[in-house]
Amino acid sequence: MELVIVIILLLITLIVLTLAVFLIATIAELVKINRGLGGVLNGVAEIATKTAPVNGVLDAINRTLVAGRDLLEGLALKKAGPDAAGLVESCFPGEGQRFLQRIGRSGTVVPIGEDYPRGAAILNSLLGVEPAPAPPVAATQAAAPAPAPAAAGSSSGRISLRKRGFPSGGPTPPSGGAPMGGGGMSMRPRTRAQDEPAPPPDGAPMGGGRISVKGSRPWE
Amino acid sequence: MLILWIMVIVLVVVLLALVVLLKGVLGAARSITPTVMAIDGVAAAGSKDLDAVIALVTTQNYISQVVAGLANYGGSLDVALPDA
């Protein structure tokens, strides 16, 4: 056999061996990749399973919150009339204009501010007290112990949207049914006793004219 | 005879090119493996993080109760306050 033929055969053998070695190594890597992708697939499947109900739950939460918002906005519109957008703007800056859009009206929203004299006048007329000039809040808090609900209404005679804290050791906040007297939106946690419904006064209408979303509650 | 020697040269060139190309393929395949393993770990960690999603149901119940209380409170205000 001639030398050149031997070299050719040797080269062909080398090529085949090289192909075999590299392809086997590549196949081994692809098998590893396949196993890894199997693990990834399991993890992704778990993620998909766990996140599947999120959309429905969040939609239900959103529907509930929108129902509550619409309820309160309707109440504000019914009770405050043209001042409703200003009240909303005062409590939540920037929301007044959106409130107007939601109720299909337009115009400029003027914030009411921290005090709402018209509401105070209405409450004073309901309580049968004369409107009094507002004393300084700090002086009122420091001077007297906690007033009774009716007395609280008559002492200050103003509604304030200002968040007010009560100093420790000072007078305790009016509890229960006298939110108008103290004039503040308190963020303090309530006790269970405070959350119990108070018995209605004699002759007070119960249930008449109540706003209810029963029947349209999406969570029911 | 000359043709045979030319064939030898061609085979040598083919062998070298084959080695280079297959080495590239193998290197690319080996670079994928750690990436896939990293993704596997991230997917497992993400799946574990989502264990708290079930708490959303409790949140939904709380929100429903809060809005129901709000509705009752609004109803009381509707009775107590005169309309504008």
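Note on naming: letters A, B, ... go to the chains in the order of the sequence lines (proteins, then strands), and numbering restarts at 1 for each one.
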Counting heavy-atom pairs under 4.5 Å to chain B, which of [options] comes out on top?
{"options": "A:I5, A:T26, A:V4, A:I61", "result": "A:V4"}
{"options": "A:I15, A:L30, A:T49", "result": "A:I15"}
{"options": "A:K50, A:R35, A:E2", "result": "A:K50"}
{"options": "A:G36, A:A80, A:G81, A:A84", "result": "A:G36"}
{"options": "A:L14, A:L19, A:I122", "result": "A:L19"}

Supply the atom-to-atom distance B:L70 CG to B:L77 CG, rounded to the nearest 0.5 angstrom. 9.5 Å
Just how far is it from atom CG of A:N34 to atom OG1 of B:T33, taken to the nearest 0.5 Å? 11.0 Å
Quick check on B:V19 against chain A: is it the side chain, the backbone, both or neither that has a heavy atom closer than 4.5 Å? both
At a 4.5 Å cut-off on heavy atoms, which part of B:A45 comes close to chain A: side chain, backbone, both, or neither? neither
Under 3.5 Å, is there a donor-acceptor pair between the side chain of A:E89 and the main chain of A:G96? yes
Keeping B:D78 on the side-chain end and B:G74 on the backbone end, is there a donor-acceptor pair under 3.5 Å? no
For the student: nearest non-hydrogen atoms of [X] and [Y], plus distance:
{"X": "A:G43", "Y": "B:A43", "value": "CA-CB, 4.1 Å"}
{"X": "A:L126", "Y": "B:P82", "value": "CD1-CD, 4.0 Å"}
{"X": "B:V8", "Y": "A:L11", "value": "O-CD1, 3.4 Å"}
{"X": "B:S31", "Y": "B:A28", "value": "OG-O, 2.7 Å"}

Less than 4.5 Å to any heavy atom of chain B: does that hold for the side chain of A:I8, its backbone, both, or neither? both
Counting only heavy atoms closer than 4.5 Å, note whether A:L41 contacts chain B via side chain, backbone, both or neither. neither
Residue by residue, which of residues 99-109 of chain A have a heavy atom closer than 4.5 Å to a heavy atom belonging to chain B? none
Assess whether side-chain contact (heavy atoms from CB on, under 4.5 Å) is satisfied between A:F22 and B:V25, documenting all intermediate values. CA-CA 9 Å; A:F22 276 103; B:V25 171; over 6 Å; no
Can you tell me which of B:K48, B:M37, B:R30 forms the most heavy-atom pairs within a distance under 4.5 Å of chain A? B:R30
With chain A, which of B:N61, B:D51, B:T35, B:L21 has the greatest number of heavy-atom pairs at distances under 4.5 Å? B:D51
In this structure, are over 12 heavy atoms from other groups packed under 6.0 Å from A:K32 atom NZ? no
Under 3.5 Å, is there a donor-acceptor pair between the A:S90 and A:E114 side chains? no
